[in-house]
Amino acid sequence: MLKPGEPGPEPPPVLDLDGVSRVYPGPPAVAALRAATLRVTRGDYLAIVGPSGSGKSTLLNLLGLLDRPTSGTYRLDGVDVSGLAERERTALRGGRIGFVFQSFHLLPHRTAVENVMLAQVYNGRPRRHRRAAALAALGRVEVGHRAYALPTTMSGGERQRVAIARALVNEPAILLCDEPTGNLDSATSLRLLGLFDELHAAGLTIVVITHDATVAERARRVVRIVDGRMDELPAGAVR
Ligand code: ADP
């Protein structure tokens, strides 16, 4: 038994990759990710950097359960996901992972609040609860005043925030973002990084893929991929 004040057993990492490889069969076969090992604990803020074609999207798709490793083990919140059926993976993805795509993937003819509510259709809660949660998520990322606007009438920064609200509404274990500043001007990018800082300070676990050094230097950890091989940079290396 633990004595008072003694630390309890460590919770499992949110993400745990052990020797994960992904080979696209081709021909020619491409080893896009080679024996990647990575542990991300609750509250981490991690940037994944690397040149174009190095394997960043391959890694993000594996982490987001959009693709499966060729070999190695991936545990999400302590669950080995390799043996799961597609239906179980979809359920886990919906509940545990918030994914922000580079191009946002918002439905143009639905309002911001409807777009966020669509992420909750499988959670079984009544519509008025889903609406309240969607409005709260929009408010949390400071775009509540645009709740009834269509994405086509919004700025890039506003659309990005709606996409983040949609990713957060199911209270995921982790937020995965693909090139979050890729489509934003520099002032809007800085505001977005401020938002990530706030979400991180509130305890959210964040993983961002980026080739932008200003994004990487805000993260707590930086992992670099070159030719499918991953290594972690020492703290402060990109500053
Ligand atoms: P990044 O996101 O860093 O630009 P990717 O993960 O997209 O890199 O690509 C890594 C390597 O895998 C590249 O050589 C790319 O051409 C290759 N690749 C990516 N997706 C596929 C695919 N579906 N089929 C075959 N090769 C692919």
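Only this structure's heavy atoms are used, side chains among them; waters, hydrogens and symmetry mates stay out. Counting starts at 1 for both ligands and their atoms, following the listed order.
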Tell me, do V222 and L46 make a side-chain contact under 4.5 Å, heavy atoms counted? no

I'd like to know if atom 20 (N) of ligand 1 has any protein heavy atom within a distance of less than 4.0 Å. yes

Would you say G26 contacts ligand 1, with heavy atoms under 4.0 Å as the rule? no

For T58, which part has a heavy atom under 4.0 Å from ligand 1: side chain, backbone, both, or neither? both

Identify the protein heavy atom lying closest to atom 13 (C) of ligand 1, giving its residue, its atom name and the separation to 0.1 Å. G53 O, 3.5 Å

Go through ligand 1 atom by atom and flag the ones less than 4.0 Å from a non-hydrogen atom of K56. 1 (P), 2 (O), 3 (O), 6 (O), 8 (O)

E88 side chain to A85 backbone, donor-acceptor under 3.5 Å: yes

Return the set of residues passing salt bridge (Lys or Arg N to Asp or Glu O under 4.0 Å) with R146 (not counting sequence neighbours), or none when no residue passes. E158

Without swapping roles, check the side chain of R22 against the backbone of G228 for a donor-acceptor pair under 3.5 Å. no

Can you pull out every salt bridge (charged side-chain N to carboxylate O under 4.0 Å, His left out) where at least one residue sits in residues 175-191? Sequence neighbours excluded, please. none

Can you check whether V141's main-chain N or O pairs, donor with acceptor, with R161's side chain at less than 3.5 Å? yes

closest protein heavy atom to atom 26 (N) of ligand 1 is Y24 CD1, 3.4 Å

Sole residue of L175, L66, N170, L65 in side chain to side chain contact (heavy atoms under 4.5 Å, CB included) with I97: L65

Do F101 and C177 have side chains that approach each other closer than 4.5 Å (heavy atoms only, starting at C-beta)? no

Heavy-atom contact check, 4.0 Å cutoff: does G50 meet ligand 1? no

May I ask you to list the atoms of ligand 1 that are less than 4.0 angstrom from any heavy atom of S54? 1 (P), 3 (O), 8 (O)

Check: G55 N/O within less than 3.5 Å of ligand 1 N/O: yes

Protein heavy-atom contact under 4.0 Å for atom 15 (C) of ligand 1? no

Would you mind listing which atoms of ligand 1 come within a distance below 4.0 Å of any non-hydrogen atom of P51? 3 (O)

Quick test: of every protein heavy atom, which one is nearest to atom 17 (C) of ligand 1, and how far off is it to 0.1 Å? V30 CG1, 3.9 Å

Just need the protein heavy atom nearest to atom 2 (O) of ligand 1, so name the residue and atom and give the distance. S57 OG, 2.6 Å

State, with a plain yes or no, whether a side-chain heavy atom of L59 is found less than 4.5 Å away from one of V223. no

Taking distance alone, with no angle check, do A32 and ligand 1 share an N/O pair under 3.5 Å? no

